[in-house]
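As the structure is a computational prediction, the values presented were derived from the model and not from experiment.
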Amino acid sequence: MKKVNLDELAAALEQTDVCQGYVDLAQGRVILLQEDMGEDAALDHALEIEEDWERYLPLPNVLDEAERDIMASFAASRPREDVRERLQDILAGAGAAARFHRQVHHLLLQPAWEAHKRACLRDIARDWCDENHIEYQE
């Protein structure tokens with residue numbers, strides 16, 4: 001079995017809320033079934049996975065479960081108290097994610113947010129590999 005590239009896995013996990021993904025355990029490849037993938041290509045992938053199902057491990061939808069925690073850890077990591085409190089207050093109640101993203105954009109924190117989210121997704125990917133006994137490369 002080849003090692004899975006942790007960056008590729010983390011990038012795929014970021015999309016699992018809209019695309020089904022798999023790890024090809026024999027090749028160490030990360031496969032995402034894209035919505036814009038042609039019907040024939042999607043069918044070919046599905047048949048390939050079904051024929052040798054033990055070779056493919058489905059990726060979990062981590063963003064639905066972890067996005068709020070990632071946003072909260074980003075808010076808590078802000079050095080300025082006023083920014084930290086503003087982001088933490090926004091995370092309460094319905095529609096928190098949309099308000100959070102608008103505020104991150106408004107506060108010019110988009111690069112910091114993206115870096116934080118990538119780092120968290122790499123940690124999640126690493127933990128997922130460990131839980132599933134999958135070797136990975138950093």
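- Salt bridge status for Asp123 with Arg126: present, with a side-chain N to carboxylate O gap under 4.0 Å.
- Smallest separation of non-hydrogen atoms from Val62 and Thr16: N-OG1, 3.6 Å.
- When side chains are defined from C-beta on, Asn5 does not count as touching Val30, because their heavy atoms never get closer than 4.5 Å.
- A donor-acceptor contact closer than 3.5 angstrom links the side chains of His116 and Ser73.
- Of all heavy-atom pairs spanning Pro58 and Gln20, the tightest one is CB-NE2, 3.7 Å.
- Taking both residues in full, the closest heavy atoms of Leu121 and Leu13 are given as O-CD1, 4.3 Å, listed atom of the first, atom of the second, then distance.
- Pairs engaging residues 19-28 under the salt bridge (charged side-chain N to carboxylate O under 4.0 Å, His left out) rule: Asp24-Arg29, Asp24-Arg55 [sequence neighbours left out].
- Contact of the Arg78 side chain with the Leu109 side chain is registered, since non-hydrogen atoms from C-beta on lie closer than 4.5 Å.
- Closest heavy-atom contact between Leu107 and Arg86: CD2-NH1, 3.3 Å.
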Item to complete: Report the C-alpha separation of Leu59 and Leu9 in whole Å, then their side-chain angles, then the decisive distance to 0.1 Å, and conclude whether the side-chain contact (heavy atoms from CB on, under 4.5 Å) test is met.
Response: CA-CA 9 Å; Leu59 298 179; Leu9 180 56; 3.5 Å; yes
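- Remark: aromatic rings of His101 and Trp113 are close, center separation under 6.0 Å.
- In plain terms, the two heavy atoms of Trp128 and Pro60 that are nearest each other are NE1-CD, 3.4 Å.
- Side-chain atoms of Phe74 and Val104, non-hydrogen and from C-beta on, do get closer than 4.5 Å to each other.
- The nearest pair of heavy atoms linking Leu87 to Ala75 is CB-CB, 3.6 Å.
- Surrounding CD of Gln137 are more than 12 heavy atoms belonging to other residues, nucleotides or ligands, all under 6.0 Å away.
- For the salt bridge (charged side-chain N to carboxylate O under 4.0 Å, His left out) condition, no pair includes a residue of residues 57-76, sequence neighbours left out.
- The NZ atom of Lys3 sits 16.0 Å away from atom CD of Gln27, with the distance rounded to the nearest 0.5 Å.
- Relative to the six-membered ring of Phe100, Arg102 misses at least one condition, a distance below 6.0 Å or an angle of at most 45° to the axis.
- Taking CG from Asp127 and CZ from Arg122, the interatomic distance works out to 12.0 Å, rounded to the nearest 0.5 Å.
- Separation of atoms CD (Gln103) and CD1 (Ile90) is listed at 4.0 Å; rounding is to 0.5 Å.
- Considering only heavy atoms from C-beta on, Glu135 stays 4.5 Å or farther from Val4 through its side chain.
- The structure places CD1 of Ile70 at 8.5 Å from CD of Glu14, a figure rounded to the nearest 0.5 Å.
- For the atom pair CG (Asn132) and CG (Leu57), the distance works out to 5.0 Å, reported to the nearest 0.5 Å.
- In this structure, the side chains of Tyr56 and Ile31 come closer than 4.5 Å at one or more pairs of heavy atoms.
- In this structure, Glu138 places its CD atom where more than 12 heavy-atom neighbours from other residues, nucleotides or ligands lie under 6.0 Å away.
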